[in-house]
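Sequence lines set the chain letters: A, B, ... in the order given, protein chains first and strands last, and positions in each chain run from 1.
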There are 2 protein chains.
Amino acid sequence: MAELVGNLLVGQSGGPTSVINSSLAGVIKEAGRHECIEEIYGGANGIFGILNEDFIDINEQKAKTIEGLRYTPAAALGTCRYKLDFKKNPEKAAKDMDRLFEVLQAHNIRYFFYIGGNDSQDTSHKIHEEAVKRNYEMRVIGVPKTIDNDLPHTDSCPGYGSVIKYNATTVIEVGTDVSSMATDDGSCCIIEVMGRSAGWIAAGTVLAKRGNPANPPHIILLPEFPFEEEKFLVKVKETVAAHGYCVVVAGEGIKYPNGEEVGADRTRLDAFGHPVLSGAAEKLKQLVQGKLETKTRTVQLGYAQRAAEHFASLTDSDNAFACGEAAVRAAIGGQSGFMVKIVRQGSNGSVRWTTGLQPLGDIANVEHFVPRDWISEDGFLPNEKFIHYAKPLIEGEVRPPVEGGLPKYVSLEPSKVEKKLPPRG
Amino acid sequence: MAELVGNLLVGQSGGPTSVINSSLAGVIKEAGRHECIEEIYGGANGIFGILNEDFIDINEQKAKTIEGLRYTPAAALGTCRYKLDFKKNPEKAAKDMDRLFEVLQAHNIRYFFYIGGNDSQDTSHKIHEEAVKRNYEMRVIGVPKTIDNDLPHTDSCPGYGSVIKYNATTVIEVGTDVSSMATDDGSCCIIEVMGRSAGWIAAGTVLAKRGNPANPPHIILLPEFPFEEEKFLVKVKETVAAHGYCVVVAGEGIKYPNGEEVGADRTRLDAFGHPVLSGAAEKLKQLVQGKLETKTRTVQLGYAQRAAEHFASLTDSDNAFACGEAAVRAAIGGQSGFMVKIVRQGSNGSVRWTTGLQPLGDIANVEHFVPRDWISEDGFLPNEKFIHYAKPLIEGEVRPPVEGGLPKYVSLEPSKVEKKLPPRG
């Protein structure tokens, strides 16, 4: 195979995570080891910026900035939710694709890496196929990223280990707080976590129990299972009776048996006429207070959970970095049209991590859910099978440097690469 | 002065913090140095448990458990909101006071320490006065504790430094996330923090700016200032135009000029007929999305912020410990009827901390607010005076031990002291 000489373009896409920059650092570090890669460019705000020829020159960055990406949350290059949507708007998507290849060719991009979740892998897949069709020699490799952990074929998704480590820590700490306040009346706390359709994030908080059934969380509500009000209230009541308090973790996307989101309030409409989404935790709180008369408080971690670098998982961060490196190695080795996947070897106590490749066509638009037999029969708690899976993902701590009592993160210099094309039409 | 020989009783009261156990450890450690203190008892669930003669035997605890209290969040002894309320129910309060002194005398309690906020200092004050009146020789010292930082006369309150360190860290991390997602449309994130009447907690997040006006938080809403909708929306719009995104921190208790809480929804009633409190963040989100059409997300940290030991302030924890020690030293020295206060010496860069004493009568029921001249003229950001005050409080990190990727906290053995009285009537 002839060596492919040219420039590299890497982009980040979708919702940020604590370790998406670690994957970026992996791509950059590995790229620096190969002479056939001449310039290293970062696409600003993913495909959206790439279409506008907004490139950041990585070779203009300080070495310590690149090193700092390994412990800096969010997307240093910026990200987007922009899609090449051939289904909804084929004409616009085709126009975008033409523009994209103009941009890629103008800058002699021969290595293209896109770090993202399901939609981004789909984008990478389309770009790979288009390059083949156009006979434009370019290696396209997807790098996995999503706190939702819903990509198929990979053991886990970079970002997931960190979010459940932080959320489980929060459950331990909030649980200690609530239990120390518990009086004869009992009390309840609802912690809402991310996860609109898959329950991996909510499920991961089971690690806070550390083998003790009395420990919180006492109930975990996954979006995969219909929310049954009566069953839930009975369980809360039983838990408060047994332990004096009850900590509930709810995935934000939990739904009633009729498919309606628990967090949606159909009695109120916002300025656009949509039902107000006041959130699952708020709704559950009203339910518990109203029906059981048990004092209830809520925590809604929102973006904090996916950006909590100050207590991120080192295993997760290292795996994210390894995925970035592996992507470049695969491309240098002549591969294109694959996503890097994480492969687990050994089991609890002696897990080792490697990477593999999976055709992008196997990934796109397949959502991976928590297996039913990893959850207790009543649906309220993940079981040993889940714990066995999740525990190794939270091992080790990323310890970002601290200055004046606060973590000190890096950001890229806005060194823009000179544009070569007229502005996008 | 004759040496007072007898037993020690310590209790914890009100909402827990990350460092209330550090104060408890300080009391226990110092008590162990004085032979005139015979038994060391912990009152379970504050005054509420003490009235029931529920004492935990501290001498039955392992030394490493006592050491572990220095990095364990929440109230290890349990806490309560129970008051000796002579105003609302003088008959019951008088009966409680009689019972309390029966309990104290039955166990020969000669040293009484109560770790808590405003109400608890009031309780300590009443107990001190009652002991004098009854001619029962007992030394009563209050130990300050409250994340709200609203106790007068002390430089700061143990618990406050840790909550603002964690909240400022969250603002930095969430800000990085939101800014990396920002597109041309802009976006907004509202972070709701604790603080029902004083704005110290919300104000403390200004430390996240670290001197850069472009950094989040861009707007901080304190409960001290009436919330003016129009002014707020103009400021959000300006911020989004300037930076592409806007991070708002809101104290949970912010109010409209008419005194109504922003978080209260008068259009809906709960099962008891009270207006639903869906929270300030939720309400602000609806406002920003509805009026400015700017995509808005919320974070509501709730109890997580006051229990976040995994990134607590070492300065705060050390001060809390020192307050516990100082309380015992003062009592041994013959003092009673005082609260320990934190005293700051020197200024930024070379701050040193000591403790002092303040009569309990000066503390009870006085609420300390953020001074008006520590806040910008438009009321949206604390200024340099505030930063100068708050910065030293977040220095240093408590690093609890980690096992299997999660912090490992201690809990007290439930070694109960034998009861000597018939049950409370």
Side-chain angles (χ1 to χ4, degrees), chain A residues 15-16 45 48 72-76 78-80 165 168-170 172-174 176-183 189 207-208 210 267-268 270-272 276 278-279 282 286 289-291 297-304 306-311 313 391 394-397 402 404-407 409, chain B residues 15-16 45 48 72-76 78-80 165 168-170 172-174 176-183 189 207-208 210 267-268 270-272 276 278-279 282 286 289-291 297-304 306-311 313 391 394-397 402 404-407 409:
Chain A
N45 289 105
F48 184 78
T72 293
T79 173
C80 70
K165 180 187 182 85
T169 297
T170 301
I172 290 174
E173 293 177 336
V174 167
T176 316
D177 185 298
V178 177
S179 75
S180 78
M181 291 275 282
T183 56
C189 186
L207 297 177
R210 289 153 298 156
T267 66
R268 291 189 305 160
D270 68 14
F272 308 103
V276 170
S278 60
E282 200 47 49
Q286 288 162 28
Q289 291 205 152
K291 298 275 172 91
R297 291 292 175 270
T298 60
V299 174
Q300 183 240 325
L301 293 170
Y303 288 166
R306 70 183 191 195
E309 189 76 43
H310 72 274
F311 204 65
S313 159
K391 208 166 172 297
I394 66 166
E395 290 282 350
E397 291 71 51
V402 176
L406 296 172
Y409 299 127
Chain B
N45 290 105
F48 184 79
T72 293
T79 174
C80 70
K165 181 189 181 83
T169 298
T170 301
I172 291 173
E173 293 178 335
V174 167
T176 317
D177 184 298
V178 177
S179 75
S180 78
M181 290 275 285
T183 56
C189 186
L207 297 177
R210 289 153 298 156
T267 66
R268 289 188 306 160
D270 68 14
F272 307 103
V276 171
S278 61
E282 199 49 47
Q286 287 162 29
Q289 291 206 151
K291 299 275 171 92
R297 290 290 177 270
T298 60
V299 174
Q300 184 242 326
L301 293 170
Y303 289 165
R306 71 183 190 194
E309 188 77 44
H310 72 274
F311 204 64
S313 159
K391 209 167 171 297
I394 66 165
E395 289 282 350
E397 291 72 50
V402 176
L406 297 172
Y409 299 127

Heavy-atom cut-off 4.5 Å, strictly under: side chain, backbone, both or neither for [X] against chain B?
| X | result |
| --- | --- |
| A:N45 | side chain |
| A:A76 | neither |
| A:E309 | both |

For a quick check under 3.5 Å, do B:E173 and A:Y303 share a side-chain donor-acceptor pair by atom type?
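No - no donor-acceptor pair under 3.5 Å links their side chains.
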
Report the option among B:G404, B:G396, B:P73 that has the most heavy-atom pairs separated by less than 4.5 Å from atoms of chain A.
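Sorted descending by pairs with chain A, the first entry is B:G404.
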
Which of the residues B:I172, B:V299, B:D177 is involved in the greatest number of heavy-atom pairs with chain A at under 4.5 angstrom?
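If we count pairs closer than 4.5 Å to chain A, B:D177 comes out on top.
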
Between A:A304, A:A307, A:C189, which shows the greatest number of heavy-atom pairs under 4.5 Å with chain B?
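It is A:A307.
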
Sort out for me which of A:V178, A:V402, A:L301, A:T72 touches chain B most, counting heavy-atom pairs under 4.5 Å.
A:V402

Between [X] (side chain only) and [Y] (backbone N and O only), is there a donor and an acceptor less than 3.5 Å apart?
| X | Y | answer |
| --- | --- | --- |
| A:K165 | A:E395 | no |
| B:S180 | A:A75 | yes |
| B:K291 | B:Q286 | no |

Is B:T170 in contact with chain A via its backbone, its side chain, both, or neither, using a 4.5 Å heavy-atom distance?
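Just the side chain, heavy atoms under 4.5 Å.
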
Compare every heavy atom of A:A168 with every heavy atom of A:L207, then report the nearest pair and how far apart it is.
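Heavy-atom minimum between the residues: CB-CB, 4.5 Å.
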
Give the C-alpha distance, both sets of side-chain angles, the deciding distance and a yes or no for side chain to side chain donor-acceptor pair (under 3.5 Å) between A:Q300 and B:T298.
CA-CA 8 Å; A:Q300 183 240 325; B:T298 60; 3.0 Å; yes

